[in-house]
Amino acid sequence: MSNFNKHETIISAGIDIGTSTTKLIISRFSLRNVAGATHVPRIEITDKEILYKSPVFRTPLQDAVTINVRGVQEIIRSEYEKAGIQPAQIETGAVIITGETATKRNASEMLHQLSDEAGDFLVATAGPDLEGIIAAKGSGSYEESGKGGRVIANIDIGGGTANIAVFQDKQLLGTCTMHIGGRLIEFEQGKVRTISPPVERLLEEQGYTLQVGDPQDAAAVEFVTTYMAEAMARILKKEVHAQDHVLLLGHEPNWKQPVDTIVFSGGISECMYRHASDEEQVARYDDIGIQLAEALLRNQSLQIFEWQEPIETVRATVLGAGTQTTEISGATIQVAPHELPLKNIPIYQYDFEADLEAGLSNFENAVQQAVALYDSAKEGQNFALYLSNLPYLGFRDVQTLAKAIVQIMNQRPRPEQPVILVIQSDHAKVLGQTLAALKVKQSIICIDQINVETGDYIDIGKALTSGVVPVVVKTLTFHTT
């Protein structure tokens, strides 16, 4: 790719709006052709430099069920200003609404507003499983799992949830999310101010009573934090008791291999590892955060695991979001620049099994399944087809495939929408140019060198000066509501 500038850089932002805290990080990525001069260029991110880390802010809420959108916007605006960055400079990254905040009444409204505020890049509500995966990347657990074959569980505990993601050799083995967090019981002037519904159910099932106004040192409070630590140990060992279901958010632990090493990240880990911090101290004494941290530290059942300290504690999720979610597609792509950026495009994978003729015979059926999956109400939700295991394609084969794509994509509820293709092999440019030569009525977005599967969502950023595009892949495969 002769026009690739060896020193091209892009700026990425990560914004995490959690149950307790909101934080922001701005990074600079360096892009390089890693394929060597004689090969098809492969552009990758080779260096990530953090330009700015915000303080940790208390998430602005209007009331228990409503996020203060204006308050969040003000934080982002002022932090961009402190970092000396304009929203227009940001070409990739992630805004994720995490923990219990993602279930707040106006979370979706906030996503739309922040999309304008934050810059032209993806905005996504992270389901609890995706949140756990991103936190593991930010804390260092994901990278660490690539050394020595250990099975590492990253446990990211914030205000409302504990998100567990288990990795071995940088492969995700499974996830689990629990109602375990610092703000599930809150205090005011030494007395109980709020009790979250999962904790109320737990107390009721276990025969304890706790009410608003009870003293902070009530026996029931200590029971809750001790029980949370015990339940955490059982979940990690996959010895789930019936009474633990009250603390499960979604599915049971779904990894097969036994966990060797545990890493705690998130706000609670800040208390556990006693990290001194002169910035706004989040671990105040107005919730069970410190007691929960102590209960986890002294729990005997958790001592069977090897403990490892994370690289990053309270900022693990925002670091993962800002630095680990972007891939680059370039060199062999065909895009319609005026259509970009595209956000939250669901993926439908179609496997040709190395046989073009057999693959094409069932192709129409596959696209109908994609429409049924993503656009059952026929409202025009577009999707991207991921074409995998294509055989060797000669000139005529490319023509045949292109014509089949046009014919079938014209049968979508809104056929005028862009045709978005992700190709596993390096065929995107030749296929995109063939489609363009057929003078199709739709815009063509044809990218490759990205690994995705059905159930993933992608965001395709604006084309950079070298012609490559940043792509954010959001893997929600493990997410169950």
State, to 0.1 Å, how close Glu200 and Ile195 come at their nearest heavy-atom pair, and which atoms those are.
-> CG-CG2, 3.5 Å
For Gln368, look at atom CD and say whether over 12 heavy atoms of other residues, nucleotides or ligands are found less than 6.0 Å away.
-> yes
State whether Glu143 and Lys170 are salt-bridged, where the test is any N-O pair (Lys NZ or Arg NE/NH1/NH2 against Asp/Glu carboxylate O) under 4.0 Å.
-> yes
Between the side chain of Gln424 and the main-chain N/O of Asn389, is any donor-acceptor distance below 3.5 Å?
-> yes
Under a 4.0 Å N-O cut-off, is there an ion pair linking Arg234 with Glu239?
-> no
Tell me yes or no: between the side chains of Ser145 and Lys147, is some donor less than 3.5 Å from an acceptor?
-> no
Locate the shortest heavy-atom distance separating Gly289 from Ile268; write the atom from each residue and the value.
-> CA-CD1, 3.6 Å
For the pair Arg150 and Glu144, find out whether any cationic side-chain nitrogen is under 4.0 Å from an anionic carboxylate oxygen.
-> yes
Write down the atom of Pro60, the atom of Ile75, and the distance for their closest heavy-atom approach.
-> CG-CD1, 3.9 Å
Rounded distance (nearest 0.5 Å) linking atom CE of Met178 with atom CD1 of Ile164 = 6.0 Å
Check against side chain to side chain donor-acceptor pair (under 3.5 Å), Ser265 and Asn154 | CA-CA 7 Å; Ser265 63; Asn154 194 85; 3.1 Å; yes
Decide if the gap between the ring center of Tyr142 and the ring center of Phe167 is smaller than 6.0 angstrom.
-> yes
Look at the side chain of Asp156 and the backbone N and O of Gly266, then say whether any donor-acceptor pair between them is shorter than 3.5 Å.
-> yes
With the side chain counted from C-beta on, respond yes when Asp459 and Leu342 share a heavy-atom pair under 4.5 Å apart, and no when they do not.
-> no
Between Phe363 and Tyr350, does the ring centroid distance fall short of 6.0 Å?
-> yes
Considering non-hydrogen atoms only, spot the tightest contact between Val246 and Pro198 and give its length.
-> CG2-O, 3.7 Å
Is a donor on one side and an acceptor on the other found under 3.5 Å between the side chain of Ser139 and the backbone of Ser141?
-> yes
Report, as yes or no, whether the 6.0 Å neighbourhood of atom CD on Glu222 holds more than 12 heavy atoms from other residues, nucleotides or ligands.
-> no
Measure the shortest side-chain to side-chain distance between Thr161 and Ile180 over non-hydrogen atoms and say whether it is less than 4.5 angstrom.
-> no
Step by step, would you call Phe187 with Val221 a side chain to side chain contact (heavy atoms under 4.5 Å, CB included)?
-> CA-CA 11 Å; Phe187 308 117; Val221 174; 3.9 Å; yes
Verdict with supporting geometry, Val422 and Asp448, side chain to side chain contact (heavy atoms under 4.5 Å, CB included) = CA-CA 5 Å; Val422 183; Asp448 55 24; over 6 Å; no
Tell me yes or no: between the side chains of Tyr386 and Asp351, is some donor less than 3.5 Å from an acceptor?
-> no
Using only heavy-atom distances, determine whether the side chains of Thr194 and Glu186 contain a donor-acceptor pair under 3.5 Å.
-> yes
State, without any angle test, whether Glu306 and Thr261 hold a side-chain donor-acceptor pair at a distance under 3.5 Å.
-> yes
Taking Thr22 for its side chain and Ile17 for its backbone only, find out whether a donor-acceptor pair lies under 3.5 Å.
-> no
Under 3.5 Å donor-acceptor, Asn254 side chain and Thr175 backbone | yes
So, Asn299 versus Glu230: side-chain donor-acceptor pair below 3.5 Å or not?
-> yes
Over all atoms of both residues, closest heavy-atom pair of Ile423 and His427 | CG2-CB, 3.9 Å
Are any of the side-chain heavy atoms of Ile262 and Phe264 separated by less than 4.5 Å?
-> yes
For the side chain of Ser27 and the backbone of Ile50, is there at least one donor-acceptor N/O pair under 3.5 Å apart?
-> no
Report the distance from atom CD of Glu49 to atom CD1 of Ile26, rounding to the nearest 0.5 Å.
-> 12.5 Å
Apply side chain to side chain contact (heavy atoms under 4.5 Å, CB included) to Leu172 and Trp255, showing your working.
-> CA-CA 9 Å; Leu172 179 68; Trp255 52 88; over 6 Å; no
For His241, does its backbone N or O pair with a side-chain atom of Asp244 as donor and acceptor, under 3.5 Å?
-> yes
Note: Arg412 and Pro418 closest approach over all heavy atoms is NH1-O, 3.1 Å
Exercise: do Ser388 and Gln349 side chains pair donor with acceptor under 3.5 Å = yes
Audit row: Val72, Val69, side chain to side chain contact (heavy atoms under 4.5 Å, CB included) steps and yes/no = CA-CA 5 Å; Val72 172; Val69 179; 5.8 Å; no
